[in-house]
Amino acid sequence: MKLFQISTELKVMSKSSKIIILLSLVTLAVICVIGNVITVADKVSELNPWLGYAFYAVLLTLTAVFILWPTVKIIFTPELDPSGELMSQEDKESADTMVKKTAQNVFVLTTVSQNGALDVFTCLSMNISLINRLVELRGRRPTFGQILRLYWSVASSSVLIASADEALDDINLGELLGMSGINATGVLLKSMTNGMLNALVTMRVGMTALRYLEVGSIEFNQNKTSIRKEVRRKAMMRMPAVVASGIKNGILGIRNIF
């Protein structure tokens with residue numbers, strides 16, 4: 001019994017430590033992103049103070065339109081029955097198409113962005129828009145707890161990916177891979193990797209939300225470990241097609257963004 005208690009305590013401590021470390025990393029990353037935004041605003045203000053004010057006004061407007069408003073719409077949508085409700089095959093196919101197209105658009109936008117703060121905003125707004133459109137299609141929303149978990153997944157993953165990408169900015173991957181003097185190769189690889197990671201987050205978030213809206217909270221909570229494994233596996237399997245489609249279509253392939 002004592003050994004079991006010690007084992008349980010260690011597991012709890014380990015989980016708590018992971019949460020503290022993750023929160024610390026995300027907090028530092030958020031500070032870096034905010035710092036980038038302020039730096040851009042300062043540079044704009046040097047040209048003209050009113051341009052600095054306009055920059056913040058545009059940023060707040062975009063945040064309200066693409067993050068706050070979709071969130072409000074989700075909150076005021078009726079909650080899905082805990083035991084789930086029948087979802088037609090047509091709706092499933094439409095929802096699946098939404099997830100794939102959003103992941104493709106995230107891949108393209110965050111690949112060409114080259115800006116960590118912009119990548120975070122892009123991922124947040126497009127993923128929240130995806131959740132909102134899935135909820136509108138279903139006519140029901142997940143529980144508030146599940147919505148918070150989805151938001152947290154998007155925010156934490158996007159911030160960490162963007163911060164890691166910025167940390168690699170000074171590394172010449174071209175030389176690191178034995179391609180001396182070809183820094184463009186390194187830039188391309190970093191951009192592609194950043195785009196793929198953000199697209200993978202979108203795939204997982206969208207598929208998780210869709211799965212929840214298919215089965216309801218009771219079945220989801222009872223089988224959440226197996227469902228998450230299934231989502232991870234399917235997301236990884238679909239990524240090559242998402243990347244190939246994004247590369248093929250390029251900027252012209254960005255459609256139905258919001």
Side-chain angles (χ1 to χ4, degrees), residues 66-67 70-71 73-74 77-111 122-143 146-155 157-158 161 195-258:
F66 294 117
I67 295 179
T71 300
K73 290 170 67 178
I74 292 171
T77 301
E79 185 177 318
L80 182 72
D81 187 281
S83 60
E85 299 171 14
L86 184 63
M87 190 173 187
S88 69
Q89 186 61 34
E90 183 180 355
D91 283 347
K92 288 181 183 180
E93 292 175 358
S94 296
D96 193 53
T97 300
M98 284 182 193
V99 175
K100 290 178 182 176
K101 286 184 177 179
T102 304
Q104 176 186 318
N105 293 336
V106 167
F107 168 73
V108 174
L109 286 171
T110 56
T111 295
T122 298
C123 290
L124 275 174
S125 58
M126 293 188 71
N127 278 276
I128 290 172
S129 175
L130 173 61
I131 295 170
N132 178 49
R133 284 183 289 136
L134 290 172
V135 167
E136 285 183 340
L137 177 69
R138 192 72 170 101
R140 295 287 186 273
R141 63 162 173 78
T143 62
Q146 181 64 17
I147 291 173
L148 287 174
R149 280 189 285 272
L150 290 171
Y151 274 45
W152 170 253
S153 179
V154 176
S157 299
S158 300
I161 291 169
M196 286 189 287
L197 289 174
N198 284 308
L200 181 60
V201 170
T202 300
M203 287 289 293
R204 289 180 59 180
V205 167
M207 292 171 67
T208 299
L210 177 57
R211 189 68 178 138
Y212 188 99
L213 292 171
E214 284 184 295
V215 302
S217 60
I218 295 177
E219 183 176 337
F220 187 93
N221 290 329
Q222 288 176 345
N223 304 284
K224 59 185 176 182
T225 301
S226 60
I227 288 175
R228 286 170 181 167
K229 287 181 180 179
E230 179 187 1
V231 165
R232 283 196 295 268
R233 180 180 62 80
K234 287 185 176 180
M236 289 298 296
M237 288 177 62
R238 293 180 179 182
M239 277 306 299
V242 169
V243 173
S245 182
I247 293 173
K248 178 181 178 181
N249 296 318
I251 301 300
L252 296 177
I254 302 176
R255 54 186 180 277
N256 300 327
I257 293 182
F258 298 109

| Residue that, paired with C123, satisfies side chain to side chain contact (heavy atoms under 4.5 Å, CB included) out of I128, V106, L109 | V106
| message | Taking the side chain as everything from C-beta on, heavy atoms only, tell me whether V205 gets closer than 4.5 Å to L130. | response | no
| query | Taking atom OH of Y212 and atom OG1 of T143, what is their separation to the nearest 0.5 Å? | reply | 3.5 Å
| remark: Heavy-atom nearest pair, A209 first then L150, reads CB-CD1, 3.9 Å
| message | Check whether N105 reaches the backbone of K101 with its side chain - one donor and one acceptor, N or O, closer than 3.5 Å. | response | yes
| said: Under the rule for side chain to side chain donor-acceptor pair (under 3.5 Å), what residues qualify as partners of T202, not counting sequence neighbours? | reply: N127
| Nearest 0.5 Å, what's the CE-CZ distance between M203 and R238? | 5.0 Å
| Roughly how far, to the nearest 0.5 Å, is the CD1 atom of I161 from the CE atom of M196? | 11.0 Å
| request: Look up atom CD in Q104 and atom CZ in F107, then write down how far apart they are to the nearest 0.5 Å. | output: 9.0 Å
| request: Establish, from distance only, whether the side-chain atoms of R204 and S157 form a donor-acceptor pair under 3.5 Å. | output: no
| query | Is the backbone of R149 close enough, under 3.5 Å, to the side chain of S153 for a donor and an acceptor to pair up by distance? | reply | no
What pairs of donor and acceptor atoms, side-chain ones from residues 220-234 against any protein atom, are under 3.5 angstrom apart with sequence neighbours left out?
residue	atom	partner	partner atom	Å
N221	ND2	S217	O	3.0
N223	ND2	E219	O	2.9
S226	OG	N223	O	2.9
E230	OE2	K234	NZ	2.9

| field | Gap between atom CG of D81 and atom CD1 of I218 - 0.5 Å precision | value | 7.5 Å
| query | Between the main-chain N or O of E90 and the side-chain N or O of S94, is there a donor-acceptor pair closer than 3.5 Å? | reply | yes
| task | Test salt bridge (charged side-chain N to carboxylate O under 4.0 Å, His left out) on D96 and K100 and set out the steps. | result | CA-CA 6 Å; D96 193 53; K100 290 178 182 176; 3.3 Å; yes
| field | Spatial distance of atom CD1 (I67) from atom CG (N132) [nearest 0.5 Å] | value | 12.5 Å
| said: I'd like to know if the side chain of T97 reaches the main chain of E93, judged simply by a donor and an acceptor atom lying under 3.5 Å from each other, with no hydrogens or angles considered. | reply: yes
| Looking at E136 and R133, does any basic side-chain N land under 4.0 Å from a carboxylate oxygen? | no
